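What follows is a short report on a single structure.
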Amino acid sequence: MAPNTRRFLFGSALVVAAGLCTGLVAYYSGVLPSRQVVRGELAFIPADVAAVAYADVRQIMDSEFRQRLRSALPAAGSEKDRMLEATGIDIERDIDAVVAGLQGDGTPGGIAILRGRFDRSRIEAAALQHGAVEEQYGGYAMLVGRPHTFDDGTSSHRLAPSVAFLGDGLLGLGDADELRRAIDVSVSGESLSAAPDMMRLIDDVSGTGDAWFVARVARMTRQPGLPEQVQNQLAGVEWLAASANIDRSVRGRVRAEARDDRSAEDLRAVVNGAVAAARLFAGQDQRVTAALNSLQASGSGRQVELAFELPPSLLELLEARAAAAMSPGPAAGH
Amino acid sequence: MTPVISAAHVSKWYGQVIGLNDVSVTVQPGITGLLGPNGAGKSTFMKLVTGQLQPDKGSLRIFGEPVWRNPGIYHRIGFCPEQDAFYERMTGREWVTALARLGGMDERRARDAAAEAIARVDLEEVADRRIGGYSKGMRQRIKLAQAIVHDPELLILDEPLSGMDPLGRRRAIRMIREWGRQGRSILVSSHILHEIESMTANVLLISSGRILAEGDVHRIRDLIDEHPHTVYIRAADPRGLGREFLAHPGVISLRFEPNALVVETAAPDAFYERLTELAASGACGPIEELTSPDDNLQAVFKYLVRS
Amino acid sequence: MSLVHDQSYRRYTGARRPIGRAWIVILRTTLGALFARRPLIGLLLLSWVPFLVRTVQIYVVESYPQAVEVLAVSPRTFRDFIDFQGLFAFFVTIYAGSGLIAGDRRVNALQIYLSKPLLRTEYIAGKLGALMVCLALVTLVPAVMLLIMQVLMAGNLALHRAAPGLLPAVLLASMLRIVVPAMVMVALSSLSTSSRYVAVMYAGLLFVSEALYGVVARATGSTRVAWLSLPRNLDVVTDAIFRLPSQHDAPVVLSALVLIAFVVASIVVLERRVRGVEVVA
Amino acid sequence: MEQATPRPGAGPAGTGVLAASMRVFDLSLGRMLWSRRTIFTALVAGLPVVVALVLRTLLAFEVPVMQGGVTGPVVFGLMFWGFVVRFAIPVLAVFYGTALIADEVEDRTITYLFTRPIPRASVVLGKYLAYLVCATSVLLPAVVLTWLLLAPIDGALAASFPDLGVDLVIVVVGFVAYGALFAAVGTIFDRPLLFGLLFVFGWENLALALPGQLRRASVAHYLQGLVPHAMPADTPLDVLQRAMTGAPGVLECALGLGLVTVVGLLIAARVVSNREYVLEH
């Protein structure tokens, strides 16, 4: 090989390698820390939950999308102020991330693990004021609220909303029994980390967005309130994972894993049909069209994927519609 | 002894045009000249012998083996094609080395073999220059170098002297004869009897796709002497050359063309000898090109066909 | 009369074609060489399939007035027809045009041509004319034939009365789609000795500009950048010729200027590349 | 496929198809890389980089060129679809692939390769490998540079990095499959470029647009199935087409592309092994 040929190939390989190295560094420096942090929170989520969800609250709150959403929906601000007043927690500043575990099989239980900066004394004061009692469990301090009965129409459940201080910057929220179980599994090791099937999906989605969600669909569909049609539709689906990246726009990916190839094929057909229909009937508005154009169904084997993007321009549309709905002027009828 | 080349009833058509017509011939070891006018079927025969074409009829064997789709045979054959085509951007050395590598040699051996082949054709000085910058003679010689680089048993040379200057011709002829003396078999084609004659006495005469005669050249020589021999010389000083040849015995006519001289001679041997002397002395400036239109040879063929 | 004929050279004493008319010779020989290629004939025949389809459409509309709802024949029908023929025009341009000058350059025939009493503008005109004839057989001729079919089948001139500019628009739009690609292709053909290279350059010019437009239009969310693409410029100007609302926001003047720039650039390239001995009368 | 048979007194062994291919590769790579063709390749590959640079420059001067919602990774995705998958890969493959043997025949240098003790199949294979290295070594850096320039615009390198990995694989796989196909086309047809362009811009577009299984007879179907970015949809037809066809699975894509490659190379090798090349004088 002539020297200039060798030099050219070397230069070409160098550019590709430099690009890949830059990407790798960005990828691991951007993804790895949050994954490790999530692992800490996951230690408190029992292995048998039906679904687990995560949100990088800090990232989402800082995003341009969120800023615009806030200006579009100013009503959301009052709820935030109430919380700040009662517990001293400013959702936008004090919470970094949330991990939630949900029991889906008709039990309305579930816990949320919050990571952030919390004023323990203010939280305690607020809880005690609402009748909570202090308790030590497994070496952690808990504030157990007054139990009340919750009726979902088919059966009634007794729940005691509680708070647990789970260590440096970690706060657990949920029913007292669930929180106690969370502390138990963190000690016994029967947490999500011991559920490889779920962790496989969590590992897949955790690096891809600011918020994600992984569910065992069979468990979720056992919810008593779920319409039969939806249950049938989801019967072939075993796993569901979703992730979203929220920045200027919301880019997301929903992934379903069917029981078998046949179910996956059916699901793909339904998704493709829905996407096509949505596009055909979307009308002329370019903002809606842009969002619908970003919908892309794909996947092979047992997997079905739907990628989407909600551009900020869609928010403009929502803003405009909300404004039109709120102001019953002469144009309202159009 | 196994003949080097044996063709039995070989025919080749290009669509409706016949290239070679029922040729049966055997070529024995040594130097053999393939002599015929342009379009006689020399190149077709060469391409069949080198396995580039497949006979439509008949069989063709080299060293007793078929040659079509038998790449292994090329270890034993070196081919110098007629066309003036090269990888122009490569240097002579790179090109010959690369072709030696294709012959299965490792990098070092290929480089050594290329250097040796280049030395044998006297091209060491320009070996590291791009082929695109070579003169016509150099290009012919580097083609010869690639043909001998793997030390083949049979050399097939298609018009190896065309476009060479007189000195180059003399050198190339000497080289070919030397290779023949070394025991290689050589099949060399030309449309100039004089060239072939200076290399070998053993010729195959080909015309219109048929072998007309094979064997000793002297008989053919007698025939051609009855016909004038035309030589076209492109030179820096054609008028000077004209003056030199005006009184030369055997010269029948002289004609000037732009930058060229066309000589008709009845004594080609003496003429070429004198021309080589002139070129070597540089008395009439450099001679750029020497060609011999084959009209005279054609006349011999006509005679042979008639007889 | 002597039995032995005079074998010496005799000068041509017949009439000579005046200087300036030799392009017809180039045109005729080039066309002869082109039409000897069967794939080109096949391509030309294939390009008439849309004409047949449109003829059926016109027939259906004229025979069954209720079909007007879905198959109405309007100026847009002709505009769309010309647009669709662009696909065939592309392949014809590539097949017939890429070797026009490149082939002559490859075998050094250009110098031989230009050493004859032939102006280089004549040489170019002959080559250009040959390609334009091929392109006309794909665009102009079927479009005009379609107009004639419409009049014949309708038995009246109602469409032309309603849209008086239709005939000139069809002629003008077809000519636009003949002249611009032909000029560009002939100019490209003069740049190389390899017709394959020329064909790829032409395809590259079209598709690269189109892809560039696609990306920029999506990034900016506007079709104002249609001037970036050679085919889109033709669309914009064709829409203007037919006085139809354009699918692109690009200003017509800008698109027309870009097309003119392509033609001017082609002329400059040809002026620089087609050189030889010029015979002045 | 024929194999070099060692002869008594023959040269050294090691001239099997693969070893011989590597030698042909070695000989052809530099020749291919430093040819005029690479200028065209560099122009095609350089265009997305230039567009990305222009975009970055305009954004640096706060010129509002991007419509709302369009981020750098989205534009990169568009570029990858518009330039690379739909244009650069097939066109460069047509350009190089059809010329693998045709160039040597046109230059009349094929004789030197066909009179060496190597199977003719290895000439095709070696030149095919040289094309792969040549084309990827020009296009891959261009894709990486475009990504480096575009991805950080309102996006994150980290988030789009996995997609870049897939993109680079697609470039290589695309060259492998299309190159093999056009190598076969180049050995079968006398005017392979036209057939190549017809296949890419005619047949593939048609096959992808039609319902049913026809799309499986295109390379684009399998290649585009691997692209991780959202495909830009221009018309309702695109949308319908995608709804009807869906994306093939990775396994199907791999099998399809693998089959095209193997069959293409086998045909090319077989044709070259059996064909007589009569060189023009």
Side-chain angles (χ1 to χ4, degrees), chain A residues 1-2 4-5 8-9 11-20 22-31 64 207-209 245 247-249 251 265 268-269 271-277 279-280 287 290-301 303 307-314 316, chain D residues 25-26 29-34 38 67-71 73-74 133-134 136-145 147-148 151-152 154-162 164-165 168 225 227-234 236 238-253:
Chain A
M1 202 183 289
N4 49 359
T5 305
F8 180 86
L9 294 181
S12 163
L14 203 67
V15 173
V16 175
L20 288 177
T22 312
L24 270 175
V25 170
Y27 185 68
Y28 280 105
S29 61
V31 171
E64 197 184 319
T208 60
N245 213 342
D247 195 9
R248 272 189 76 186
S249 57
R251 285 186 298 280
E265 201 61 44
R268 264 195 287 275
V271 171
N272 277 326
V275 171
R279 281 189 189 142
L280 286 177
R287 291 165 292 197
L292 286 171
N293 277 346
S294 73
L295 274 175
Q296 194 198 11
S298 61
S300 58
Q303 290 192 356
F308 63 88
E309 182 173 0
L310 305 178
S313 55
L314 195 67
E316 289 167 18
Chain D
F25 163 79
D26 210 26
L29 181 63
R31 214 174 152 242
M32 217 177 254
L33 197 60
W34 303 113
T38 310
Q67 67 166 323
V70 175
T71 61
V74 172
V133 171
C134 212
T136 49
S137 67
V138 178
L139 195 57
L140 282 188
V143 172
V144 170
L145 283 176
W147 175 76
L148 281 173
D154 296 326
L157 284 178
S160 56
F161 176 66
L164 174 76
L168 297 185
V227 181
H229 310 281
M231 177 178 151
D234 294 323
D238 286 349
V239 177
L240 258 180
Q241 175 196 328
R242 241 183 306 156
M244 282 189 296
T245 57
V250 175
L251 189 69
E252 189 188 336
C253 292

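A note on names: the letters A, B, ... follow the listed sequences, proteins ahead of strands, and every chain is numbered from 1. All values reported here derive from a predicted model rather than from experimental measurement.
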(request) Please step through side chain to side chain contact (heavy atoms under 4.5 Å, CB included) for the pair F8(A) and V138(D), ending with a clear verdict. (result) CA-CA 9 Å; F8(A) 180 86; V138(D) 178; 3.9 Å; yes
(request) Taking all heavy atoms of W34(D) and all of T5(A), pick out the closest pair and write down the distance. (result) NE1-OG1, 3.0 Å
(request) Grab the two heavy atoms, one from P141(D) and one from V16(A), that are nearest each other, plus how far apart they are. (result) N-CG2, 3.7 Å
(request) Over all heavy atoms of both residues, which pair between S12(A) and S137(D) is shortest? Give the atoms and the distance, please. (result) OG-O, 2.7 Å
(request) Could you check which of V143(D), V144(D), L140(D) has the highest count of heavy-atom pairs closer than 4.5 Å to chain A? (result) V144(D)
(message) Which atoms of L20(A) are under 4.5 Å from chain D, going by heavy atoms: the side chain, the backbone, both sets, or neither?
(response) both
